[in-house]
J.: 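Starting off with a structure, shown below.
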There are 2 protein chains.
Amino acid sequence: MRIALSLLLSFSSQYNVLTSPLVEDLHKDGKRLTPQRLKVLNLFENIGSGNHLSAEEVHEKLVKSSSKVSLATIYRTLRLLVKIGLLHELELSEGGHRYELLSNETPDHHHLICIRCGRTEEFESDEVLRAGKIAAKINGFKLIESSLNVRAICPKCI
Amino acid sequence: MRIALSLLLSFSSQYNVLTSPLVEDLHKDGKRLTPQRLKVLNLFENIGSGNHLSAEEVHEKLVKSSSKVSLATIYRTLRLLVKIGLLHELELSEGGHRYELLSNETPDHHHLICIRCGRTEEFESDEVLRAGKIAAKINGFKLIESSLNVRAICPKCI
DNA sequence: CAACAAACTCAAAGCTATTCTCAATAATAA
DNA sequence: TTATTATTGAGAATAGCTTTGAGTTTGTTG
Ligand SMILES: [Mn+2]
Ligand SMILES: [Mn+2]
Ligand SMILES: [Zn+2]
Ligand SMILES: [Zn+2]
C-alpha cells in the first residue's frame, strides 16, 4: 500500500495527501483513505476543471488508464466526494448526474450545453446569481443553489 | 362522440375546437382529435399556468375527475402536445419530465423549486435571458432555450 | 354509412442509473 | 503486529419512468 499510494500521490497536488484536509475529513468520520478514492479524485484533478463526468465515464477513464475501480465503488466514492465538498453534482441533461471538481478558481458558474453532441462550455454571470437570490428572497425561500442551463447547438453540430 | 365532444368543449376556450388551429395541425398530419387528447389539454387549460405536472399526475387528476385516460395514452399525448407546441417539457428536478401549458401570457420564465416538498414558483428575468443569449453568442452556439432552476427551501419546509 | 387507418386500453416489457449483497480484502488504531 | 471494521468487487436486484404489443374501438373521409 505504501508504494501504491506514493504512485498515486505523484499525480497529486501541493501537499502530502496523508496529512491533507481530505484525510482529516475522512478519518474524523471513521472513514479511510483508499487507493480507489484517490484514483477518482486524481482523475478529476488531472483532467482539469471544465469537465463534467458521469459515473460511467469516470469508470471508463479509469479502466483505460489501467486503474480500474469497480462501478459500485465509483458511485460510492462520488457520493462521498460530494458530501466532503470536493465534487459538485450537476444535472446538465437527462441520463443521470455528472460531477465536476469544485475549486476556488471556478466559482459558481453556469453551463452552455450542445444538445446534439453534449459539448459543454462554462460561463459566469453575476446577473444570474442575483436573479436567483432575488427570486428566493421575494418568495421567502432559503436559497441553496441556482444554475442556469443553456441548451443550444454548437458550431460543429449546426 | 358529438355529445362527449361538446361537453369537453364547454370547458374550453374562445373558439370552436373543431375548427381550431389544433385540429388543423392534427389533421394535416393525418392525426385525429380524440376525447383523450382534449381531456389532457383541457386539464392543463383549466388548472391554469404555473402548474407543472408529471405524466403520473395528469393521470391521477383525470382519474379523480372521472375522465380516466390510460397512462400509456397520456404519455403519447404529452409527447404530441409538446411537438405541436402547446405544452412545454421541463426537467425541474429528478424523477422524470414535467409539463406546463405554453401560453402567450407566460413567456419564458424560470423556476424556484423547494427541494423538500416540490413547491414551485415561477419568475421572470430579462437579465437571465440576456446572460444565456450572450453565452451562446460568445461561443458560437445557436441558442434553443435557457432555464434557470433555483433550488431552495420554502418557508413551510424550513 | 362504410372502410380503414389511427388511436385507445390493459398489461407486459424495457430501460438504465443507481443501489444492494456479501465474501474477501485491507486501512487504521492500539 | 494484530484486531477491528470500513471498504471493495462483481454482479444481481431495484426502482421509476417510459414504451410497446395485441386486440379492440373510433375518428375521419368520401
Ligand atoms: Mn462546470
Ligand atoms: Mn413554469
Ligand atoms: Zn455539438
Ligand atoms: Zn417546501
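By convention in this document, chain letters (A, B, ...) are assigned in the order of the sequence lines, proteins followed by strands, and residues within each chain are numbered from 1.
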J.: Which nucleotide wins on minimum distance to the side chain of A:Ala72, given the candidates C:dA7, D:dT7, C:dC20?
T.: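 My answer, after comparing the listed nucleotides, is C:dC20.
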J.: Which heavy atom of B:Leu143 sits nearest a heavy atom of A:Val150, and at what distance?
T.: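 Taking every non-hydrogen atom into account, CD1-CG1, 4.0 Å.
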J.: Any pair with a residue in residues 84-98 of chain B that passes salt bridge (Lys or Arg N to Asp or Glu O under 4.0 Å), sequence neighbours left out, goes on the list, sorted by first then second residue, please.
T.: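 For residues 84-98 of chain B, and leaving out neighbouring residues, the salt bridge (Lys or Arg N to Asp or Glu O under 4.0 Å) pairs sorted by first residue read B:Glu57-B:Arg98.
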J.: How would you label the contact of B:Arg79 with the nucleic acid (heavy atoms, under 4.0 Å): base, sugar-phosphate, or nothing?
T.: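 Sugar-phosphate contact only - B:Arg79 comes under 4.0 Å of backbone atoms but never of a base.
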J.: Rounded to whole Å, please give me the gap between CD1 in A:Ile74 and P in D:dT7.
T.: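 Atom CD1 in A:Ile74 sits about 16 Å away from atom P in D:dT7.
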J.: Can you name the residues that form a side chain to side chain contact (heavy atoms under 4.5 Å, CB included) with A:Arg37, not counting sequence neighbours?
T.: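 For A:Arg37 the side chain to side chain contact (heavy atoms under 4.5 Å, CB included) partners, ignoring immediate neighbours, are A:Leu26, A:Lys31, A:Thr34, A:Thr77, A:Leu80.
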J.: Rounding to an integer number of Å, can you tell me how far B:Leu33 CG sits from D:dT28 C1'?
T.: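 In whole Å, D:dT28 C1' lies 11 Å from B:Leu33 CG.
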J.: Tell me the interatomic distance from B:Arg37, atom CZ, to C:dT9, atom C1', rounded to whole angstroms.
T.: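 Going from B:Arg37 (CZ) to C:dT9 (C1'), I get 14 Å.
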J.: Ignoring hydrogens and angles, are the base of C:dA7 and the side chain of B:Arg32 linked by a donor-acceptor pair under 3.5 Å?
T.: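 Side chain to base: no pair present.
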J.: Would you please confirm or rule out a distance under 4.0 Å between OP1 or OP2 of C:dC8 and any side-chain N or O of B:Thr34?
T.: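 Yes, because at least one side-chain N or O of B:Thr34 sits under 4.0 Å from OP1 or OP2 of C:dC8.
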J.: According to side chain to side chain contact (heavy atoms under 4.5 Å, CB included), who are the partners of B:Leu78, at least two apart in sequence or on a separate chain?
T.: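 Here the qualifying residues are B:Val40, B:Phe44, B:Ala55, B:Ile74, B:Leu87, B:Tyr99.
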J.: Heavy atoms from C-beta onward define the side chain here; which of D:dT7, D:dT20, C:dC8 lies closest to that of B:Gln36?
T.: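 Selected nucleotide: C:dC8.
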J.: What pairs with B:Ile158 under side chain to side chain contact (heavy atoms under 4.5 Å, CB included), at least two apart in sequence or on another chain?
T.: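 Side chain to side chain contact (heavy atoms under 4.5 Å, CB included) list for B:Ile158, sorted by chain: A:Lys142, B:Ile153.
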J.: May I ask you to evaluate whether B:Tyr75 reaches the phosphate of D:dT18, defined as a side-chain N or O under 4.0 Å from OP1 or OP2?
T.: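 Yes.
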J.: Considering residues at least two apart in sequence or located in another chain, which fulfil the ring-ring contact (aromatic ring centres under 6.0 Å, His included) criterion with B:His59?
T.: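 Partners of B:His59 by the ring-ring contact (aromatic ring centres under 6.0 Å, His included) criterion come out as none, since no residue qualifies.
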J.: Whole-Å distance between C:dA27 C1' and A:His27 NE2?
T.: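 Distance, rounded to whole Å: 8 Å.
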J.: Is there a donor-acceptor contact under 3.5 Å linking the side chains of B:Ser125 and B:Glu127?
T.: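 Yes.
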J.: Where along residues 80-95 of chain A does a heavy atom come under 4.0 Å from DNA chain C, residue by residue in number order?
T.: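 The answer is A:Gly95.
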J.: Hey, does the side chain of B:Ser70 come within less than 4.0 Å of C:dC10's phosphate (OP1/OP2), counting only N and O?
T.: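 No, B:Ser70 has no side-chain N/O under 4.0 Å of OP1/OP2 on C:dC10.
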J.: Quick one: B:Leu26 CG to D:dT29 P, roughly how many Å, whole number?
T.: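 About 11 Å, once rounded to whole Å.
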J.: Testing the basics here: between A:Pro107 and A:Glu124, what is the closest heavy-atom pair and its distance to 0.1 Å?
T.: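 Looks like CD-OE2, 3.8 Å.
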J.: Any N or O donor-acceptor pair under 3.5 Å from the base of C:dA7 to the side chain of B:Arg76?
T.: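 Answer no: no donor N or O sits under 3.5 Å from an acceptor.
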J.: For C:dT28, does either OP1 or OP2 sit under 4.0 Å from a side-chain N or O belonging to A:Lys28?
T.: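 No, A:Lys28 has no side-chain N/O under 4.0 Å of OP1/OP2 on C:dT28.
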J.: DNA chain C: B:Leu71 or B:Gly30, which has the more 5' nearest nucleotide?
T.: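 Looking at DNA chain C, the more 5' nearest nucleotide goes with B:Gly30.
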J.: Can you list the residues that meet the ring-ring contact (aromatic ring centres under 6.0 Å, His included) rule with B:His88, with sequence neighbours excluded?
T.: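 B:His88 satisfies ring-ring contact (aromatic ring centres under 6.0 Å, His included) with no other residue.
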J.: Think A:Lys68 has a side-chain N or O under 4.0 angstrom from the OP1 or OP2 of D:dT8?
T.: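 Looking at the OP1 and OP2 atoms of D:dT8, neither is under 4.0 Å from any side-chain N or O of A:Lys68.
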J.: Nearest whole angstrom, please: distance from the P of D:dT28 to the CD of B:Glu24.
T.: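 My rounded result for the distance is 13 Å.
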J.: Name all pairs fulfilling the ring pair (Phe, Tyr, Trp, His ring centres under 6.0 Å) condition that reach into residues 63-83 of chain B, sequence neighbours left out, sorted by first residue then second.
T.: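 Applying ring pair (Phe, Tyr, Trp, His ring centres under 6.0 Å) to every pair that reaches into residues 63-83 of chain B, excluding sequence neighbours, yields nothing.
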J.: Check whether any side-chain N or O of B:His97 sits under 4.0 Å from OP1 or OP2 of D:dT18, and answer yes or no.
T.: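 Yes, such a contact exists.
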J.: Specify the residues of residues 54-63 of chain B, ordered by number, for which at least one heavy atom lies under 4.0 angstrom from an atom of DNA chain D.
T.: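 By residue number: none to list.
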J.: Can you name the residues that form a side chain to side chain contact (heavy atoms under 4.5 Å, CB included) with B:Ser103, not counting sequence neighbours?
T.: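 Partners of B:Ser103 by the side chain to side chain contact (heavy atoms under 4.5 Å, CB included) criterion, ordered by chain and then number, come out as B:Glu105, B:Thr106.
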J.: Any chance you could measure A:Asn149, atom CG, to B:Leu148, atom CG, to the nearest 0.5 Å?
T.: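 So the CG of A:Asn149 and the CG of B:Leu148 are separated by 9.0 Å.
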J.: Given axes from five pairs at either end, by how many degrees does the helix from C:dC1-D:dG30 to C:dA30-D:dT1 bend, rounded to 10°?
T.: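 Its terminal axes enclose an angle near 50°.
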J.: Applying ring pair (Phe, Tyr, Trp, His ring centres under 6.0 Å), which residue pairs with at least one partner in residues 108-143 of chain A are found, sequence neighbours left out?
T.: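 Every pair satisfying ring pair (Phe, Tyr, Trp, His ring centres under 6.0 Å) with a residue in residues 108-143 of chain A: A:His52-A:His111, A:His109-A:His111, A:His110-A:Phe123.
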